[in-house]
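First the structure, in the form of structure tokens, and then the observations on it.
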Amino acid sequence: MLIYNYYQTHITMKNFTYTTKILLLILFLISNNITQAQQKLFQDVTILDGTGKPAKEHQDILVSNDKIIAITATAAKTPKGVTIINLKGKTVMPLIIDTHAHLGLLKDTIMASENFTKENIAKHLLRFQDYGIGSLLSMGTDHKEIFPLRDESRSGKLTGATIYTAGIGFGVKDGAPPISFGMDKVNRPQTPEEARQQVKELAVFKPDVIKIWVDDFFGKFPKMKPEIYKAIIDEAYKNNIRVSTHLYYLEDAHQLVSSGVDIIAHSIRDQEVDDALLLAMKKNKVTYIPTLSLDEFAYIYEGNPEWTSDPFFKASLDPLVFEMINSPAYKAKVKKNPSTPKEKLALQTALINVKKIFDAGIPITLGTDAGAQPIRAMGFSEHMEMELMVKAGIPVLETIKIATENGAILLKSEKENGTLQVGKKANFIVLDKNPADDITNTRTIKEVWKNGVKVNNGPIKTN
């Protein structure tokens with residue numbers, strides 16, 4: 001088409017020989033056919049677009065290369081020259097975005113720094129993608145090698161879920177995050193001056209956020225001092241980088257929000273949030289990532305939840321982890337753990353607080369902490385997280401928006417991702433059942449499409 005237009009503009013047709021005209025016509029037809037061949041029509045689907053709007057039935061999605069170019073009511077006649085993909089009876093929703101995950105440290109049942117290899121990270125990214133996760137934010141336990149891998153991921157050279165990263169986070173000497181989890185590359189500044197210098201060194205790599213840990217893990221560890229996290233937040237602000245915080249206590253949330261933190265990356269779980277905090281979070285435009293599933297994973301294997309026998313869950317775990325959580329020894333260990341009653345209570349408080357925060361109009365995104373421990377299943381956790389949000393009282397359509405559009409906004413990728421709209425990337429999950437009827441229907445994955453290409457048929461492998 002470009003060749004034809006060029007000659008049409010610059011050379012008069014009367015100067016063409018008959019052969020030249022025929023040649024240009026052939027080039028035009030070839031070019032036009034290539035363009036049409038790259039177009040796909042996903043026909044007669046129910047669309048959940050990720051904006052919170054109700055589902056729309058009997059819709060056609062026209063995709064050209066990696067972009068959605070039209071969404072229309074299903075037509076009686078099908079257009080010629082495009083690839084027709086009939087999805088009658090299926091539901092399509094945007095790819096899920098996990099704004100709190102961890103990469104590379106987990107292998108089998110072992111959390112270790114030496115596991116942080118390109119091969120292991122690539123394996124994790126593909127597992128997330130199998131479950132319909134299109135992007136994830138790795139929260140502060142990465143090594144410096146993550147930054148070139150992030151670039152490969154964003155360019156499409158590294159397949160699987162797209163990497164966003166906090167890079168090397170900020171914890172406490174002899175404290176959180178525990179080195180026993182393989183998190184030995186984390187900065188652990190002991191003075192405000194050291195904290196500022198470490199932020200400057202990290203800023204060179206342009207992390208998507210900065211992660212700090214402000215928690216004592218039920219009194220087991222020393223907690224980050226306010227003068228340290230205030231220095232980190234201030235220096236991050238000077239370098240135009242947002243700060244995300246791990247926390248547990250309401251009192252710390254008050255202090256961190258007043259100090260300028262941008263993202264609360266775990267639920268407040270010691271007590272219910274108060275009006276003063278809600279007002280401060282809204283005023284300061286703080287985003288909340290509740291990570292409800294990690295609290296349930298902490299104790300749920302004490303019993304035998306029905307979903308542990310579901311192939312959709314089993315596929316998310318390495319075989320050794322699945323064997324571990326179903327062993328009598330592990331179940332007895334959870335039952336005897338003095339933290340188990342605290343974890344159960346923490347989840348109930350977290351459910352109350354996420355609903356209060358939602359009702360206050362504070363932005364919420366989906367996050368799971370998947371990959372930070374073997375028991376937090378990569379891929380399954382995100383679907384479990386949505387179920388828990390609905391259990392907390394957040395409407396289904398708003399929960400899907402939290403898991404898609406809101407995540408894209410937090411990652412500043414909303415111009416291309418997060419919703420099914422004309423002009424955005426063709427990134428979506430094809431489902432056998434409609435999640436608007438039951439949020440657990442997000443688990444009925446038939447196909448996953450990314451950048452206009454089918455990348456898998458879901459996590460359950462069939463022969």
Give the C-alpha distance, both sets of side-chain angles, the deciding distance and a yes or no for side chain to side chain contact (heavy atoms under 4.5 Å, CB included) between Val286 and Ile264.
CA-CA 7 Å; Val286 174; Ile264 293 177; 4.0 Å; yes
For His266, give me all partners under side chain to side chain donor-acceptor pair (under 3.5 Å), at least two apart in sequence or on another chain.
His246, Thr291
As a quick check of understanding, evaluate salt bridge (charged side-chain N to carboxylate O under 4.0 Å, His left out) for Arg150 and Asp208, giving each step before the final call.
CA-CA 10 Å; Arg150 176 186 64 179; Asp208 298 289; 3.4 Å; yes
State, yes or no, whether a side-chain contact exists between [X] and [Y] at a heavy-atom distance under 4.5 Å.
X: Val243; Y: Ile263; answer: no
X: Val448; Y: Ile445; answer: yes
X: Gln129; Y: Leu126; answer: yes
X: Met378; Y: Tyr131; answer: no
X: Lys223; Y: Val214; answer: yes
X: Glu302; Y: Lys344; answer: yes
X: Leu125; Y: Leu136; answer: yes
X: Glu387; Y: Arg443; answer: yes

Carefully, step by step, assess Asn417 and Asn427 under the rule side chain to side chain donor-acceptor pair (under 3.5 Å).
CA-CA 7 Å; Asn417 300 308; Asn427 293 338; 2.8 Å; yes
Taking it one step at a time, do Arg127 and Asp318 satisfy salt bridge (charged side-chain N to carboxylate O under 4.0 Å, His left out)?
CA-CA 11 Å; Arg127 183 181 298 175; Asp318 287 321; 2.9 Å; yes
With no hydrogens and no angle check, is any side-chain donor or acceptor of [X] less than 3.5 Å from a backbone partner on [Y]?
X: Thr191; Y: Glu194; result: yes
X: Thr365; Y: Thr99; result: no
X: Asn353; Y: Ile268; result: yes

Are [X] and [Y] ion-paired here, with the side-chain N under 4.0 Å from a carboxylate O?
X: Lys356; Y: Glu272; answer: yes
X: Arg269; Y: Asp295; answer: yes
X: Asp234; Y: Lys238; answer: yes
X: Lys90; Y: Asp432; answer: yes
X: Glu416; Y: Lys425; answer: yes

Single hit among Phe217, Phe218, Phe221, Trp213 for ring pair (Phe, Tyr, Trp, His ring centres under 6.0 Å) with Tyr248:
Phe218
Using the salt bridge (charged side-chain N to carboxylate O under 4.0 Å, His left out) rule, take Arg196 and Glu235 through it: C-alpha gap first, then chi angles, then the decisive distance, then the call.
CA-CA 6 Å; Arg196 288 181 182 277; Glu235 197 62 40; 2.9 Å; yes
Given the rule in the side chain to side chain contact (heavy atoms under 4.5 Å, CB included) test, do Trp307 and Lys314 qualify, once you have shown the distances and angles that lead to the verdict?
CA-CA 9 Å; Trp307 45 261; Lys314 188 175 181 179; over 6 Å; no
Kindly indicate, with the supporting measurements, whether the criterion salt bridge (charged side-chain N to carboxylate O under 4.0 Å, His left out) is fulfilled by Lys56 and Asp49.
CA-CA 9 Å; Lys56 294 184 72 174; Asp49 66 8; over 6 Å; no
Nearest-0.5 Å distance that lies between atom [atom1] in [X] and atom [atom2] in [Y]:
X: Leu48; Y: Thr404; atom1: CG; atom2: OG1; result: 9.0 Å
X: Ile163; Y: Leu103; atom1: CD1; atom2: CG; result: 6.0 Å
X: Thr442; Y: Ile429; atom1: OG1; atom2: CD1; result: 7.5 Å
X: Lys144; Y: Leu202; atom1: NZ; atom2: CG; result: 9.0 Å
X: Thr74; Y: Asp44; atom1: OG1; atom2: CG; result: 4.0 Å
X: Ser309; Y: Phe322; atom1: OG; atom2: CZ; result: 7.5 Å

For residues 350-371, which residue pairs pass the ring pair (Phe, Tyr, Trp, His ring centres under 6.0 Å) check, not counting sequence neighbours?
none
Side chain to side chain contact (heavy atoms under 4.5 Å, CB included) between Thr141 and Met139: does it pass, once the steps are laid out?
CA-CA 6 Å; Thr141 54; Met139 275 292 204; over 6 Å; no
Assess whether side chain to side chain donor-acceptor pair (under 3.5 Å) is satisfied between Gln255 and Glu251, documenting all intermediate values.
CA-CA 7 Å; Gln255 294 298 320; Glu251 181 181 355; 5.6 Å; no
How close do Lys67 and Gly423 get, counting heavy atoms only, and between which atoms?
CD-O, 3.5 Å
Which atoms form the tightest heavy-atom contact between Ser293 and Ser381, and what is the distance?
OG-O, 4.0 Å
So, [X] versus [Y], ring centres under 6.0 angstrom or not?
X: Phe170; Y: Tyr229; result: no
X: Phe42; Y: Phe428; result: yes
X: His383; Y: Phe312; result: yes

Yes or no on side chain to side chain contact (heavy atoms under 4.5 Å, CB included) for Ile68 and Gln421, after CA distance, side-chain angles and deciding distance?
CA-CA 7 Å; Ile68 297 172; Gln421 293 175 307; over 6 Å; no
Got a sec, which residues hit salt bridge (Lys or Arg N to Asp or Glu O under 4.0 Å) with Glu398, two or more places apart in sequence or on another chain?
none
Whether Arg154 engages the ring of Tyr164 as a cation-pi pair (distance to the six-membered ring centre under 6.0 angstrom, angle to the ring normal within 45°) should be assessed.
yes
Candidate pair Asp142 and His102, rule side chain to side chain donor-acceptor pair (under 3.5 Å), full reasoning:
CA-CA 8 Å; Asp142 294 325; His102 295 269; over 6 Å; no
Mutual orientation of the aromatic rings belonging to His143 and Phe116 [parallel < 30°, tilted 30-60°, perpendicular > 60°]
parallel
Would you say the side chains of Thr368 and Asp98 form a donor-acceptor pair under 3.5 Å?
yes
Assess the side chains of Glu405 and Thr419: does a donor N or O sit below 3.5 Å from an acceptor N or O?
no
In sequence, state the C-alpha distance, the side-chain angles, and the governing distance for Thr162 and Lys450, and then conclude on side chain to side chain donor-acceptor pair (under 3.5 Å).
CA-CA 10 Å; Thr162 302; Lys450 189 171 184 182; 2.7 Å; yes
With Glu296 as reference, evaluate Leu292, Leu294, Ile300 under the side-chain contact (heavy atoms from CB on, under 4.5 Å) test and give the passing residue.
Ile300
